[in-house]
Amino acid sequence: MTTASLSGRKVLLIVGGGIAAYKALELVRLLKKSGAEVMSLLTSAGAEFVTPMSLAALTGHPVRQALFMPEDETAMGHIELSRWADLVVVAPATAGLIAKAANGFADDLASTTLLATDKKVLLAPAMNVRMWLHPAVQANVERLKGFDGFHGVAVVGPDEGEMACGEFGPGRMAEPTAILSAIQGLLAGPDGRPLAGRRAVVTAGPTFEPIDPVRGLTNRSSGKQGYAIATALAELGAEVTLVSGPVAIDAPVGVTRIWVESAREMQAEVQKYLPADIAVMSAAVADWRVDGVASGKIKKAPGGPPSLALIENPDILAGVSKPGKARPKLVVGFAAETSDLEANARAKLSRKGCDWIVGNDVSDDVFGADGNAVTLFTKDGGADVWPRQSKTEVARKLAAKIADHFKA
Ligand code: CTP
């Protein structure tokens with residue numbers, strides 16, 4: 001969780017109906033502790049789960065519940081309320097609220113406010129796993145995300161786990177600390193956003209190189225480290241494009257994710273987003289692809305298994321590092337090594353022409369794990385050893401170091 005202050009920032013919290021509504025109370029407490037001013041709006045379904053009294057007591061403001069209430073409207077009209085906020089947060093965001101927002105309904109106070117606001121909206125969905133996975137809900141969420149550029153919709157969660165209804169899967173509302181982190185990322189003041197105005201491109205995950213329509217070559221990268229780096233850079237205010245190979249991670253809040261499969265697709269997308277200030281190439285790019293991908297499924301044949309001819313993939317990091325107008329001011333590579341970390345990482349740094357390289361000992365439990373031990377080698381001969389810690393902490397250290405670099 002970031003510790004960025006929210007002092008002076010205004011949050012309008014819309015509490016929808018669902019068992020997760022009780023967590024909205026903890027979110028209000030955390031927001032207030034971070035210095036934010038919070039006004040709340042409780043839907044009629046939300047009021048079945050938490051009382052207006054609890055929300056009023058925690059926020060220190062009256063709770064808005066209905067559209068046509070003369071006393072509320074004379075204090076602050078609902079349109080004014082939707083503009084008062086720096087950020088509108090919907091937690092829990094029910095399937096119903098999401099559907100209304102995605103389709104422009106304005107038949108109650110919450111949906112009208114969501115339509116009228118000119119501020120970014122953060123949704124923290126919470127619902128039964130089947131509901132969350134229903135194509136109608138997924139389509140509505142995608143539709144809302146697609147409105148980005150208007151005022152923007154970000155989504156945090158839902159988490160996977162056991163649900164109040166006894167089922168298991170994605171649908172639990174993100175924890176209040178994670179929602180707070182997302183809010184801080186979207187709202188932090190200039191001190192907390194030293195990378196504001198900087199453009200960053202990050203690669204993450206494995207690449208997938210097809211053999212035929214059903215098979216391919218790939219590797220064990222989970223993408224966790226790269227996604228954490230994209231998140232950490234965005235939290236510091238950078239405008240981040242994440243070019244990602246196939247992984248099972250949600251797009252970080254406030255980050256533009258581009259899906260790719262092969263190394264060549266990844267390279268093309270990275271090039272599209274240049275020039276940038278920062279490039280962090282953390283993807284585990286497949287070194288080789290199959291020469292002559294079969295157009296149909298390769299069948300077993302009496303002559304034995306087919307032999308695959310491999311050809312080398314382009315080196316994306318080396319390409320980005322090439323001197324020229326489009327070269328990012330700071331290029332950071334990764335070196336995944338199973339032995340001689342320092343020698344191999346330094347050789348890679350000079351061979352590829354990047355500025356820094358994160359040396360990563362992958363002989364230990366790294367792939368898919370939440371922890372990582374790395375050493376950051378710099379072109380000027382520096383070496384920072386970061387003992388095993390969470391990939392989130394490694395990412396935050398790296399982002400902070402990048403911010404320091406630009407400050408200097
Ligand atoms: N990389 C890349 N394009 C490739 C191969 C690697 O951009 N075709 C990048 C990775 O994203 C990483 C760095 O280069 O930032 C080093 O990747 P790594 O797999 O450690 O090195 P390789 O170049 O593949 O060298 P080797 O396999 O010989 O260790």
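Here the structure is a predicted model, which means the values were calculated and not measured. Each ligand, and each atom within it, is numbered from 1 in the order the structure gives.
- Between Glu162 atom CD and Arg172 atom CZ the span is 8.5 Å, to the nearest 0.5 Å.
- Distance check: Lys145 NZ to Arg257 CZ gives 7.0 Å after rounding to the nearest 0.5 Å.
- Remark: side-chain polar atoms of Asn360 are not paired, donor with acceptor, to backbone N or O of Val374 under 3.5 angstrom.
- Using a distance-only test at 3.5 Å, with no hydrogens or angles considered, a donor-acceptor pair links the side chain of Gln225 to the main chain of Lys391.
- Within 4.0 Å of ligand 1, counting heavy atoms only, the contacting residues are Met281, Ala283, Val285, Asp287, Pro314, Asp315, Ile316, Leu317, Gly333, Phe334, Ala335, Ala336, Lys348, Lys352.
- Panel note: side chain Asp291, backbone Ile311; no donor-acceptor pair is recorded below 3.5 Å.
- In this structure, CG in Leu310 is found 10.5 Å from CD in Glu312, a value given to the nearest 0.5 Å.
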